[in-house]
Undergrad: 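Dropping a structure here in structure tokens format, bear with me for questions.
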Number of protein chains: 2
Amino acid sequence: MEERQVELCRVEDALSILVGKWKPIILLHLLHEGTHRFNELKRKLPGITQKMLTKQLRELEAEDIVERTVFPQVPPKVEYSISEYGQTLEPILEAMHEWGTNHTLRKRQIEQNKDEQ
Amino acid sequence: MEERQVELCRVEDALSILVGKWKPIILLHLLHEGTHRFNELKRKLPGITQKMLTKQLRELEAEDIVERTVFPQVPPKVEYSISEYGQTLEPILEAMHEWGTNHTLRKRQIEQNKDEQ
DNA sequence: CGGTATCCTAGTGGATACTG
DNA sequence: CAGTATCCACTAGGATACCG
């Protein structure tokens with residue numbers, strides 16, 4: 001029984017890594033479009049500040065989800081990519097993406113039904 | 001291209017519903033063990049306060065994930081269960097649970113390797 | 001180019017006490 | 001039993017400015 005309790009909590013591990021306003025979308029970009037430079041990623045995330053992008057990437061790096069490669073040159077060049085371990089998150093991300101898409105459709109339908117009445 | 005951008009963001013819908021310190025574990029209890037009364041659920045969530053349990057349940061109810069049934073009697077009786085729509089979250093929850101379990105194992109192995117050196 | 005540093009605000013979550 | 005009502009600490013996230 002207690003074992004069950006402990007088991008249930010494991011969900012939070014995945015959640016804690018994925019939570020963050022920009023983390024899921026960062027991961028999807030890296031998964032689907034491969035390695036990015038810092039500013040390249042920034043351009044794909046309209047509205048994000050440098051500070052936030054740095055912070056989210058650092059946290060993902062600390063969890064071994066994202067790999068950071070620094071090229072020692074001037075001007076600086078830093079590349080980010082999904083780690084092998086990070087790729088194991090894909091099923092979760094895809095499941096969330098699919099659910100989210102249906103969720104949006106559902107909301108629209110509910111809106112429409114409201115309008116028709 | 002822009003369509004792609006919009007698509008990517010759908011992940012956040014799922015995330016926003018699942019995020020909350022107690023939500024995933026509440027949902028798993030309701031999914032696996034069925035309908036619960038308020039205090040029954042509270043007993044299964046060591047450490048949660050009444051306020052937090054109420055808040056999380058209300059938020060899940062607002063999103064149509066959880067159903068709340070009030071029995072008009074004294075003393076009060078309120079039952080919570082997963083809605084039909086809430087059940088569609090199961091694949092995500094299971095994917096997160098599985099990942100989290102492997103994640104814990106992986107961490108332990110890394111710890112062991114550290115100790116052995 | 002790829003960051004830090006500083007300051008700020010809103011919201012999340014907890015402790016505690018009270019209630020129909 | 002199943003909640004509210006307060007008050008409070010902490011953090012996430014944003015705006016802005018500066019740096020090697």
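Numbers restart at 1 for each chain; the letters A, B, ... are given by sequence-line order, proteins then strands. Small disclaimer: the values here were computed from a predicted structure and weren't measured.
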Undergrad: Does B:H32 reach the main-chain N or O of B:L30 with its side chain, forming a donor-acceptor pair under 3.5 Å?
TA: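 Not at all, since once roles are kept as given, no pair shorter than 3.5 Å links the two residues.
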
Undergrad: Could you note down all residue pairs passing ring-ring contact (aromatic ring centres under 6.0 Å, His included) where residues 51-82 of chain B supplies at least one of them, sequence neighbours left out?
TA: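 Sorted pair list comes back empty.
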
Undergrad: Pull out every protein N or O sitting under 3.5 Å from an N or O of nucleotides 14-20 of chain D, one pair per line with the distance.
TA:
| unit_1 | atom_1 | unit_2 | atom_2 | d |
| --- | --- | --- | --- | --- |
| D:dG14 | OP1 | A:K21 | NZ | 2.0 |
| D:dG14 | OP2 | A:W22 | NE1 | 3.2 |
| D:dG14 | N7 | A:K51 | NZ | 3.2 |
| D:dG14 | O6 | A:K51 | NZ | 2.0 |

Undergrad: Could you list the residues that satisfy salt bridge (Lys or Arg N to Asp or Glu O under 4.0 Å) with A:K23, not counting sequence neighbours?
TA: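 By the salt bridge (Lys or Arg N to Asp or Glu O under 4.0 Å) rule, A:K23 matches A:E59.
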
Undergrad: What integer distance in Å separates A:E79:CD from C:dG2:C1'?
TA: 13 Å

Undergrad: Output the rounded distance in Å from CD1 (B:I25) to P (C:dG13).
TA: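 Taking CD1 of B:I25 and P of C:dG13, I get 14 Å after rounding.
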
Undergrad: Any chance CD of A:E98 has more than 12 other-residue heavy atoms, nucleotides or ligands included, within less than 6.0 Å?
TA: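 Incorrect, the count does not exceed 12.
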
Undergrad: For residues A:L18 and A:L27, determine if any side-chain heavy atom of one lies less than 4.5 Å from a side-chain heavy atom of the other.
TA: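 Yes; the side chains approach each other to less than 4.5 Å.
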
Undergrad: Between atom CG in B:L53 and atom P in C:dG13, what is the gap in whole Å?
TA: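 Taking CG of B:L53 and P of C:dG13, I get 13 Å after rounding.
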
Undergrad: Listed in order of residue number, which residues of residues 35-43 of chain A have a non-hydrogen atom at under 4.0 Å from DNA chain C?
TA: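 Per residue number, the list reads A:R37, A:F38, A:N39.
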
Undergrad: Taking salt bridge (Lys or Arg N to Asp or Glu O under 4.0 Å) as the definition, give me every residue that meets it alongside A:E111, ordered by chain and number, with sequence neighbours left out.
TA: A:K114

Undergrad: Let me know the distance between NZ of A:K23 and C1' of D:dA12, rounded to the nearest Å.
TA: 10 Å

Undergrad: Can you find a pair of side-chain heavy atoms, one from B:L53 and one from B:F38, that are under 4.5 Å apart?
TA: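 The answer is yes, as the side chains (C-beta and beyond) meet within the 4.5 Å cut-off.
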
Undergrad: Do A:R37 and A:N39 touch side chain to side chain, with heavy atoms closer than 4.5 Å?
TA: no

Undergrad: Determine whether more than 12 heavy atoms belonging to other residues, nucleotides or ligands lie under 6.0 Å from atom CD of B:Q73.
TA: yes

Undergrad: Measure the shortest side-chain to side-chain distance between B:N102 and A:T88 over non-hydrogen atoms and say whether it is less than 4.5 angstrom.
TA: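 A side-chain contact under 4.5 Å is absent here.
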
Undergrad: Looking at DNA chain C, which of residues 54-72 of chain A put a heavy atom within less than 4.0 Å of it?
TA: A:T54, A:R58, A:R68

